[in-house]
Amino acid sequence: MNKAKVIKEIQKILDISKVGVLSTSHNHVPNSRYMVFYHDEAVLYTKTDEDSPKVEEVESNPQAHILLGYEETKNKSFLEIRAKVEVINNQETIDWLWETQDKAYFDSKNDPDLTVLKLIPEQIKIMNSDNFDTPEIINMEDI
């Protein structure tokens with residue numbers, strides 16, 4: 001496996017894919033929903049309401065699974081991402097999301113209910129890629 005090539009492919013999928021599935025767990029029961037994701041390198045961010053059940057779920061269990069890609073890619077490739085989630089209310093991050101990304105779901109970047117989930121990948125798996133014998137797995141501690 002050529003790690004640099006795999007990382008480049010991961011970035012390509014992250015660049016073109018915004019809508020994906022976020023799965024969390026509540027009382028040991030999986031809970032999945034579509035979310036809009038933004039990224040800085042491999043770290044993902046998604047906006048949510050601070051009163052959303054997602055916030056309670058990730059505070060009780062910070063492990064999440066994300067599916068991203070498939071429809072937007074030429075070869076139906078996609079990412080399976082295992083990540084640790086942090087709930088952040090950092091105004092700098094909120095400003096970045098607001099200014100450089102979409103403004104859906106909230107009236108203002110100063111909305112008191114606006115919070116951000118930061119998803120820090122622990123493992124990323126590429127599936128269905130024509131460029132590799134998939135799956136190709138990158139463990140982030142190996143980078």
Side-chain angles (χ1 to χ4, degrees), residues 1 3 5-129 131-143:
M1 165 181 58
K3 281 187 187 179
K5 189 175 178 183
V6 172
I7 292 168
K8 184 176 179 180
E9 183 81 4
I10 288 169
Q11 287 298 316
K12 187 166 63 169
I13 294 170
L14 290 173
D15 286 343
I16 62 172
S17 300
K18 301 297 179 216
V19 177
V21 176
L22 171 65
S23 298
T24 57
S25 177
H26 183 64
N27 294 328
H28 305 289
V29 176
N31 190 9
S32 299
R33 77 281 285 160
Y34 286 103
M35 300 293 292
V36 178
F37 294 97
Y38 312 100
H39 73 96
D40 182 15
E41 299 294 327
V43 176
L44 297 172
Y45 297 86
T46 187
K47 297 181 294 187
T48 192
D49 189 301
E50 74 174 359
D51 293 326
S52 164
K54 291 180 288 297
V55 172
E56 182 181 332
E57 290 170 12
V58 300
E59 286 176 340
S60 69
N61 180 353
Q63 294 296 312
H65 191 261
I66 301 107
L67 293 174
L68 196 59
Y70 193 77
E71 281 298 320
E72 302 87 356
T73 61
K74 290 180 184 177
N75 59 1
K76 304 294 185 199
S77 60
F78 64 96
L79 303 176
E80 292 185 12
I81 303 169
R82 183 172 40 97
K84 182 176 181 184
V85 186
E86 296 176 4
V87 178
I88 59 172
N89 291 304
N90 174 301
Q91 192 60 46
E92 184 178 334
T93 302
I94 291 170
D95 290 347
W96 169 72
L97 285 172
W98 192 264
E99 296 304 323
T100 61
Q101 313 302 327
D102 84 285
K103 295 170 178 54
Y105 308 111
F106 295 93
D107 295 330
S108 162
K109 68 180 182 179
N110 299 315
D111 188 319
D113 295 327
L114 173 58
T115 194
V116 176
L117 300 181
K118 179 179 180 180
L119 301 108
I120 304 160
E122 295 175 341
Q123 182 183 77
I124 302 176
K125 184 187 305 184
I126 298 178
M127 302 294 293
N128 290 357
S129 176
N131 298 321
F132 308 103
D133 291 330
T134 61
E136 281 289 346
I137 299 172
I138 293 286
N139 291 304
M140 301 313 282
E141 70 266 5
D142 295 338
I143 295 180

Gap between atom NZ of Lys84 and atom CG of Asn61 - 0.5 Å precision | 11.0 Å

Name all residues meeting the salt bridge (charged side-chain N to carboxylate O under 4.0 Å, His left out) criterion together with Lys8; count only those two or more places apart in sequence or in a different chain, and write none if there are none.
-> none

Contacts of Lys54 meeting side-chain hydrogen bond (donor to acceptor under 3.5 Å, both in side chains) (sequence neighbours excluded), chain-then-number -> Thr48, Ser52

Just jot down the side chain to side chain contact (heavy atoms under 4.5 Å, CB included) partners of Val21, sequence neighbours excluded, or say none.
-> Ser23, Ser32, Tyr34, Leu67

Is a side-chain donor or acceptor of Asp49 paired with a backbone partner of Asp51 at a separation under 3.5 angstrom?
-> yes

Quick one: pull up CG in Leu117 and CZ in Phe37 and give me the separation to the nearest 0.5 Å.
-> 8.5 Å

So, Asn90 side chain and Glu92 main chain: donor-acceptor pair closer than 3.5 Å or not?
-> yes

Please report the closest heavy-atom contact between Ile81 and Pro121, naming both atoms and the distance.
-> CG2-CB, 4.0 Å

Considering all heavy atoms, the nearest Ile126-Ser129 contact = CG2-CB, 3.7 Å

Where the side chain of Thr115 meets the backbone of Ile88, is there a donor-acceptor pair that is under 3.5 Å apart?
-> yes

Closest non-hydrogen atom pair, Val19 against Leu68 | O-CD1, 3.6 Å

Polar side-chain atom of Gln123 near backbone of Met140 as donor-acceptor pair, under 3.5 Å | no

Sequence-distant partners of Ser25, side-chain hydrogen bond (donor to acceptor under 3.5 Å, both in side chains), two or more places apart = none

Across all chains, not counting sequence neighbours, the side chain to side chain contact (heavy atoms under 4.5 Å, CB included) partners of Ala64 are Leu22, Thr24, Val85, Leu119

Who are the side-chain hydrogen bond (donor to acceptor under 3.5 Å, both in side chains) partners of His65, not counting sequence neighbours?
-> none

Compare every heavy atom of Ile16 with every heavy atom of Glu72, then report the nearest pair and how far apart it is.
-> O-CD1, 3.5 Å

With Phe106, which residues qualify under ring pair (Phe, Tyr, Trp, His ring centres under 6.0 Å), at least two apart?
-> none

Among residues two or more places apart or on two chains, list those pairs meeting salt bridge (Lys or Arg N to Asp or Glu O under 4.0 Å) that have a residue in residues 105-125.
-> Glu80-Lys125, Arg82-Glu122, Asp95-Lys109, Glu99-Lys109

Please list all pairs passing the salt bridge (Lys or Arg N to Asp or Glu O under 4.0 Å) test where one or both residues lie in residues 9-38, with sequence neighbours left out.
-> Glu9-Lys12, Arg33-Glu57

Looking only at heavy atoms, the pair that brings Phe78 and Tyr70 closest together is CB-N, 3.5 Å

Can you sort out the partners of Glu59 under side-chain hydrogen bond (donor to acceptor under 3.5 Å, both in side chains), two or more places apart, ordered by chain and number?
-> none

Nearest heavy-atom pair of Ala83 and Ile66: which atoms, and what distance?
-> CB-CD1, 3.9 Å

